[in-house]
Amino acid sequence: QVQLVESGGGLVQPGGSLRLSCAASGSIFSINPMAWYRQAPGKSREWVASIASGGGVYYADSVKGRFTISRDNAKNTGYLQMNDLKSDDTAVYYCNGHIKRTISDKVAISSWGQGTQVTVSS
């Protein structure tokens with residue numbers, strides 16, 4: 001069974017930085033793409049950033065220039081470096097991966113982590 005576990009959330013002042021990690025474990029052939037989403041209180045979950053297995057990256061306009069997504073394919077781990085954090089970034093951040101468990105899988109299955117809380121406040 002595949003499991004995604006996020007870590008690195010916490011309380012940070014406006015203008016500060018945090019680095020989130022997403023570790024995937026279990027039987028994994030590939031994760032493509034790996035993405036981060038977030039959900040603020042009372043709002044729908046929104047896409048933040050994605051990274052393909054080949055390294056292509058994509059960002060929501062709201063985080064472009066402040067957040068950097070990266071991954072270590074050998075470790076099946078993804079990262080989200082968040083700089084210049086704002087109060088609007090306060091949310092639970094979720095990792096998502098489209099995972100193939102074997103080379104024979106024709107369809108990748110979407111898997112989610114449990115989320116990690118990021119609070120930006122003075």
Side-chain angles (χ1 to χ4, degrees):
Q1 185 171 351
V2 174
Q3 188 176 20
L4 300 179
V5 178
E6 302 96 335
S7 61
L11 173 64
V12 63
Q13 292 186 343
S17 298
L18 282 174
R19 189 192 194 208
L20 305 183
S21 297
C22 171
S25 61
S27 177
I28 298 170
F29 170 71
S30 68
I31 306 175
N32 190 30
M34 182 175 278
W36 290 92
Y37 289 74
R38 66 187 181 185
Q39 187 166 18
K43 294 187 177 181
S44 301
R45 190 173 298 189
E46 66 173 356
W47 170 75
V48 174
S50 296
I51 182 167
S53 57
V57 296
Y58 308 89
Y59 297 97
D61 287 344
S62 59
V63 306
K64 203 172 292 183
R66 300 187 297 121
F67 290 10
T68 303
I69 190 171
S70 61
R71 63 189 291 170
D72 184 332
N73 290 332
K75 296 181 179 179
N76 285 327
T77 299
Y79 306 97
L80 186 68
Q81 177 67 42
M82 305 186 295
N83 298 329
D84 190 23
L85 283 161
K86 306 176 188 302
S87 57
D88 286 348
D89 296 318
T90 296
V92 177
Y93 283 72
Y94 297 90
C95 175
N96 173 268
H98 282 69
I99 297 173
K100 289 186 177 181
R101 298 179 65 179
T102 73
I103 193 172
S104 303
D105 287 359
K106 290 182 170 53
V107 178
I109 304 300
S110 177
S111 298
W112 292 90
Q114 83 290 348
T116 185
Q117 176 71 47
V118 172
T119 303
V120 184
S121 175
S122 55

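In this text, all values refer to a predicted model and were calculated from it rather than measured experimentally.
Here the OG atom belonging to Ser7 is positioned 8.0 Å from the CG atom belonging to Leu20, to the nearest 0.5 angstrom. The CE atom of Met34 sits 8.0 Å away from the CG atom of Asn73 when rounded to the nearest 0.5 Å. Distance check, rounded to the nearest 0.5 Å: CZ of Arg101 to CD1 of Ile28 gives 9.0 Å. The structure places CZ of Arg19 at 5.5 Å from OG of Ser70, a figure rounded to the nearest 0.5 Å. One finds the CG atom of Leu11 at 9.5 Å from the OG atom of Ser122 (value rounded to the nearest 0.5 Å). Rounded to the nearest 0.5 angstrom, Thr116 OG1 and Leu18 CG are separated by 8.5 Å.
The two residues Val92 and Gln117 come nearest to each other via the heavy atoms CG2-OE1, 3.2 Å. When all heavy atoms of Ile51 and Arg71 are compared, the closest pair comes out as O-NH1, 3.2 Å. The nearest pair of heavy atoms linking Met82 to Val118 is CE-CG2, 3.8 Å. Nearest heavy atoms, Ala35 versus Tyr37: CB-CE1, 3.8 Å. Across every non-hydrogen atom of Val2 and Ser27, the tightest pair is CG2-O, 3.5 Å. When all heavy atoms are compared, the tightest approach of Tyr59 to Ile69 is OH-N, 2.9 Å.
For Tyr58 and Trp47, the distance between ring centers is not under 6.0 angstrom.
Hydrophobic clustering (side-chain heavy atoms under 4.5 Å, transitive across Ile, Leu, Val, Met, Phe, Trp, Tyr) keeps Ile31 apart from Tyr79. Hydrophobic clustering (ILVMFWY, side-chain heavy atoms < 4.5 Å, transitive): Phe29 and Ile109 are in distinct clusters.
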For Leu80 and Arg38: C-alpha separation, side-chain torsions, deciding distance, then whether side-chain contact (heavy atoms from CB on, under 4.5 Å) applies.
CA-CA 12 Å; Leu80 186 68; Arg38 66 187 181 185; over 6 Å; no

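Side-chain atoms of Glu6 come within 3.5 Å of backbone N or O of Cys95 as a donor-acceptor pair. Asp89 places no side-chain N or O within donor-acceptor distance of the main-chain N or O of Leu85, the cut-off being under 3.5 Å. Looking only at distances, no side-chain donor or acceptor of Thr119 sits under 3.5 Å from a matching main-chain atom of Thr90. Checked by atom type and distance alone, the side chain of Asn32 pairs as donor or acceptor with a backbone atom of Ser53 at under 3.5 Å.
Below 30°, between 30° and 60°, or above 60°: for Trp112 and Tyr94 the angle between ring planes is above 60°, a perpendicular geometry.
Asn96 and Ser110 share a side-chain donor-acceptor pair at under 3.5 Å.
At a threshold of 4.0 Å, the pair Lys64-Asp61 counts as salt-bridged, since one of the basic side-chain nitrogens sits closer than that to a carboxylate oxygen.
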